Every structure is written in C-alpha cells, then in structure tokens.
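As structure tokens, the structure follows; a few thoughts come after it.
From a predicted model like this one, the values you see are computed outputs, not experimental measurements. Order of the sequence lines fixes the chain letters, A, B, ..., with proteins taken first and strands second; residue numbering starts at 1 for each chain.
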Number of protein chains: 2
Amino acid sequence: MRIGELARKAGTTTRTLRYYEARGLLPARRGENGYRRYDEEDLRLLHQIRLLQDFGFELEETRPFVDCLRAGHPSGDSCPASLDVYRRKLDELDAVIERLRQVREQMGAQLARAELEASAQQPPAPRCELTQAPSGRREQERGPDDDAVE
Amino acid sequence: MRIGELARKAGTTTRTLRYYEARGLLPARRGENGYRRYDEEDLRLLHQIRLLQDFGFELEETRPFVDCLRAGHPSGDSCPASLDVYRRKLDELDAVIERLRQVREQMGAQLARAELEASAQQPPAPRCELTQAPSGRREQERGPDDDAVE
DNA sequence: GTAGACCTTGACCCCGACGTCAACGCCAGC
DNA sequence: GCTGGCGTTGACGTCGGGGTCAAGGTCTAC
C-alpha cells in the first residue's frame, strides 16, 4: 500500500510517516515510480509506535519496541531493551506524578488561604477591580488541549 | 540595582529578565546610560513569577499575580483574577495527574505481562536477541544493505 | 487527453522559555 | 590608556512532532 492508505489505516498523516522515515524509525521500500510502499507489517509497527506515543513516550523511546517487532518477536515488548524502557518510564512517571501531587497540594492550600483572606475582606462590597466575573463561571470547555507533562 | 544583581538575587539570568521585559511582564526603568534599573519591588514581583513558574505555570498565567502585586495588594493572589487562575490550574493538574495515573497503571500491567512471558521462555536458553528472524523477508529484495541505524 | 487524486522533495512555520553568540557602549581600577 | 567586567540590542539556535505550502511527477478514470 502507499503512504496515504497507511496513514488512513493508522489514523495519522502522511507528514508523520515521512517524519518517521526521516528519523529512521519506519523506513519504506520504494516502487519504480519512487512512491513509498508499505505492507501489513509496517502497519503493525506503526500501531506500536502510536500506542507508545499515546503513553507519552518520546519517538526515540519507541525504537527498541519497533526493532523488537521487526526482529520477528511476537510483540514489541518481548525484548529486554523494551523492558528496560518500560521500567525507566515507570520510574519517571512515578516521579512526575509525585511532584505534581505535591504541587497540587501546595496550590490547593494557597487557594484556600487566599479565599479565606478574600472573604474576610470582601463581605460588604466588591472591591478588587482586576477582574471581570463576579463569581463562578468555571466550565471552560476543554479543547484539543492536553498533555504537556513537563 | 542593575540587571545582573537582580538576576543573582533571584537566582535567574539576565537573559531571562530581558525576556520578561520583552513580554511586558517585568518592565524596567532606565538610567541615563541606558542601563536597566530595578528596585526591591521588582525583586518581589520576580519572586512571584519564579514561584509560579516552579509550579508549572506558563509565563502568561503569572501575569494576573504580577498585576495584582503591582496594584498594591499584599500578595499576588489577593485578586479574583489570580484565584481564577489557581482554580483553573488545579483542575488541569487534577486531569493531568489522573491521566498519568492511568497510563502508569496500564504500563505497569504491560511490564508485568511481558516479564512473565519472558520468564516463561527464557529459563532453558537465552533467546531474545535483536538478530534477524529467519522468517520471510519482504517482497522485492533491497540494495546492498539492510538499514541498521545506530 | 485531461481532470483530479495521489505522490515526490524541499523549505519554512509553530510553540515556550530561554541559551548563545556578535558587536558594540560604559565604567572602574591600575 | 588599557584591560576586564559590566551593560546594550539583535539575531539565530534549541527541542519534539509534526503542519503547511510550493512546484512538480504519476496514475487512473472518464
């Protein structure tokens, strides 16, 4: 199959596939006309990459898994190198989560303190003019925003 | 004081201070020679910025806090606009933490499964190597080299 | 034989928070 | 007056994972 079809099947874009190829992660054979040609095996590799990306892996970190699959193993994590990456990522993940948890805690305390002080000042009349909304209005739809975990 | 001194006192760099000024976040007065001049108030503002940055705020998100301080309030979070940012960040934080927690869980399960499979295969002889599998090569032989990145 | 869907490479753009020159001005001490 | 350490602006680089043209080649259907 050609690049467009593979992209559709994997739910990604042709630009992304060319990018992966440029990184040496998913090289393609070429037909006589110079078009890239892929097969089902490539689709599997690509699925592996996307899965790990969704987990927050950097592209380079998916390489051991892809190599493992390409070497003929049943799954990308059948090789020691992949397991090492898993373990490292788990450690990282634990560290990040813990840090965020602490930040969350401190911020929650700050907010509580600030709200308390505000309510001690504000009761009679609205004063602080650096705002527009008088109170809650917090739905703020969540757009295509997401990760950015450090 | 001049830029270098402020940077040292706040544990940051002159480049950073110029960047903040370019963003309009921490404008500086100028001496006759064109040098930036700062005072203790600026140091306070800067501390507020750095604190929030450490919390993972983007620069723009610190602006309400800085404005609040500059408006004469005792602390950066004495203003409703700042509290709104707190609340929004807390929500974001909760969402991110939860997502990471789930990823951590899935990955832990993957690792456990992979380790189990590995131990079921490995005992007799070491197998899992990153060598070519004897299985079918892909259609159309390639040039004088199978790519080996690294 | 031609439209239009697909492919090719190359090149520049984006975000955030700066780092890192380069080339020059200002000022203090010796 | 010269060196060295400050300061100034401006411009480009970084990192990841692509997006978005632009200018052209190919293939397929009608």
Give A:Arg50 one of three labels, base, sugar-phosphate or nothing, depending on what nucleic acid heavy atoms sit under 4.0 Å from its own.
sugar-phosphate
Applying side-chain contact (heavy atoms from CB on, under 4.5 Å), run through B:Leu59 and B:Tyr19 and close with a yes or a no.
CA-CA 11 Å; B:Leu59 217 44; B:Tyr19 179 66; 3.4 Å; yes
B:Asn33 side chain N/O closer than 4.0 Å to the phosphate oxygens (OP1, OP2) of C:dG25?
no
Short side-chain N/O contact from B:Arg23 to OP1 or OP2 of C:dA17, under 4.0 Å:
no
Axis-to-axis angle between the two ends of the helix from C:dG1-D:dC30 to C:dC30-D:dG1 (five base pairs per end, rounded to 10 degrees)
30°
With no angle test and no hydrogens, is the base of D:dT8 tied to the side chain of B:Arg18 by a donor-acceptor pair under 3.5 Å?
no
Can you tell me if the side-chain N/O atoms of A:Arg36 get under 4.0 Å from OP1 or OP2 in C:dT9?
yes
Output the single nucleotide from C:dG19, C:dA17, D:dG16 whose closest atom is nearest the side chain of B:Thr16.
C:dG19
If you take atom types as modelled and just measure distance, does the side chain of B:Arg2 reach the base of D:dG7 with a donor-acceptor pair under 3.5 Å?
no
Describe the nucleic acid contact of B:Arg30 in one word from base, sugar-phosphate, nothing, applying a heavy-atom distance below 4.0 Å.
sugar-phosphate
Calculate the interatomic distance between B:Tyr19 atom OH and D:dC12 atom P; express it in whole Å.
18 Å
Identify whether A:Ile97 and B:Phe55 are in the same connected component of the hydrophobic contact network (ILVMFWY, side-chain heavy atoms under 4.5 Å).
yes
Going by heavy atoms in the side chains, are B:Tyr35 and B:Ile3 under 4.5 Å from each other?
no
For B:Ile3 and B:Arg15, find the nucleotide of DNA chain D closest to each by heavy atoms; which residue's nucleotide sits nearer the 5' end?
B:Ile3
In whole angstrom, give the distance that lies between atom CD of B:Glu58 and atom C1' of C:dC18.
14 Å
Ignoring backbone atoms, establish whether A:Tyr20 has a side-chain N or O less than 4.0 Å from OP1 or OP2 of D:dG18.
yes
State whether B:Thr13 places a side-chain N or O below 4.0 Å from either non-bridging phosphate oxygen (OP1 or OP2) of C:dC18.
no
In terms of hydrophobic clusters joined by side-chain contacts under 4.5 Å, are A:Leu17 and A:Val66 together?
yes
Rounded to whole Å, CG of B:Leu17 lies from P of D:dC6 at a distance of 15 Å
Identify whether NZ of Lys or CZ of Arg in B:Lys89 sits under 6.0 Å from the centre of the six-membered ring of B:Phe57 and within 45° of that ring's axis.
yes
Side-chain heavy-atom pair A:Glu21, A:Leu26 within 4.5 angstrom cut-off
no
Distance check needed: C:dA17 P versus B:Leu52 CG, whole Å only.
12 Å
Give a yes/no answer on whether the side chain of A:Gln53 brings an N or O atom under 4.0 Å of OP1 or OP2 in D:dG18.
yes
Is any side-chain N or O of B:Tyr35 under 3.5 Å from a base N or O of C:dG25, one able to act as donor and the other as acceptor?
yes
Is it the case that B:Gln102 and B:Glu98 place a side-chain donor and acceptor less than 3.5 Å from each other?
yes
Within this structure, what is the CD1-to-C1' distance between B:Ile49 and C:dG16, rounded to whole angstrom?
15 Å
